[in-house]
Student: 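Take this structure, written in structure tokens, and hold onto it; I'll ask about it next.
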Amino acid sequence: MSVLADKKTWLAFRKRVKAMPKDYVIVFDAIQNYVFKVSPFVPNDTNAVLTNLLELFETSAANGQDVLAVCGDDVGQFANELILSAAS
């Protein structure tokens with residue numbers, strides 16, 4: 001892919017994120033930040049991890065679930081488990 005195509009893909013992805021309820025966006029952005037900057041393990045396909053998370057959150061939001069009902073009170077632990085499951 002070209003840089004321009006990559007940027008268009010990323011902007012479309014972020015548009016989907018921003019379309020979710022605010023609490024979902026906040027938690028998604030925190031997990032994304034964790035994946036990019038803090039995680040002790042970087043998955044081979046970070047895009048797949050974030051896309052799977054986005055799909056989970058979109059479905060959960062559409063079903064009216066609270067974001068903390070999806071990921072629990074410890075968002076950091078949820079992020080770790082998400083990343084480690086991608087390694088399996």
Student: Considering non-hydrogen atoms only, spot the tightest contact between Phe28 and Leu50 and give its length.
Tutor: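 Shortest heavy-atom contact: CE1-O, 3.7 Å.
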Student: What are the two closest non-hydrogen atoms of Asn80 and Tyr34, and how far apart are they?
Tutor: OD1-OH, 2.5 Å
Student: Per the side-chain hydrogen bond (donor to acceptor under 3.5 Å, both in side chains) rule, what does the pair list look like for residues 22-32, sequence neighbours excluded?
Tutor: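 Applying side-chain hydrogen bond (donor to acceptor under 3.5 Å, both in side chains) to every pair that reaches into residues 22-32, excluding sequence neighbours, yields Arg14-Asp29, Arg14-Gln32.
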Student: Rounded to the nearest 0.5 Å, how far apart are CG of Asn52 and CG of Leu82?
Tutor: 7.5 Å
Student: Please assess Val75 against Leu68 for the test side-chain contact (heavy atoms from CB on, under 4.5 Å), listing each intermediate value before the final yes or no.
Tutor: CA-CA 8 Å; Val75 176; Leu68 294 182; 4.2 Å; yes
Student: Can you confirm whether Glu55 sits close enough to Thr51 that some side-chain heavy atom of one is under 4.5 Å from a side-chain heavy atom of the other?
Tutor: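 They are in contact (side-chain heavy atoms under 4.5 Å apart), so the answer is yes.
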Student: How long is the span from the CG atom in Leu11 to the NZ atom in Lys18, to the nearest 0.5 Å?
Tutor: 11.5 Å
Student: Got Asp6 and Ser2 here, is their nearest side-chain heavy-atom distance under 4.5 Å?
Tutor: no
Student: Just wondering, do Val35 and Leu53 contact through their side chains at under 4.5 Å, heavy atoms?
Tutor: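 Answer no - side chains too far apart.
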Student: For the backbone of Gln65 and the side chain of Asn63, can you confirm whether one donor and one acceptor N or O come within less than 3.5 Å of each other?
Tutor: no
Student: Is the shortest heavy-atom distance from the side chain of Cys71 to the side chain of Val27 under 4.5 Å?
Tutor: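 Yes, side chains in contact.
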Student: Any idea how Phe57 and Phe78 line up, ring-wise: parallel (<30°), tilted (30 to 60°), or perpendicular (>60°)?
Tutor: parallel
Student: Show the nearest heavy-atom pair for residues Met20 and Val25, with the distance to one decimal.
Tutor: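 The answer is O-CG2, 3.6 Å.
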Student: Is Ile26 linked to Val67 within one hydrophobic cluster, defined over Ile, Leu, Val, Met, Phe, Trp and Tyr using a side-chain heavy-atom separation of less than 4.5 Å?
Tutor: no
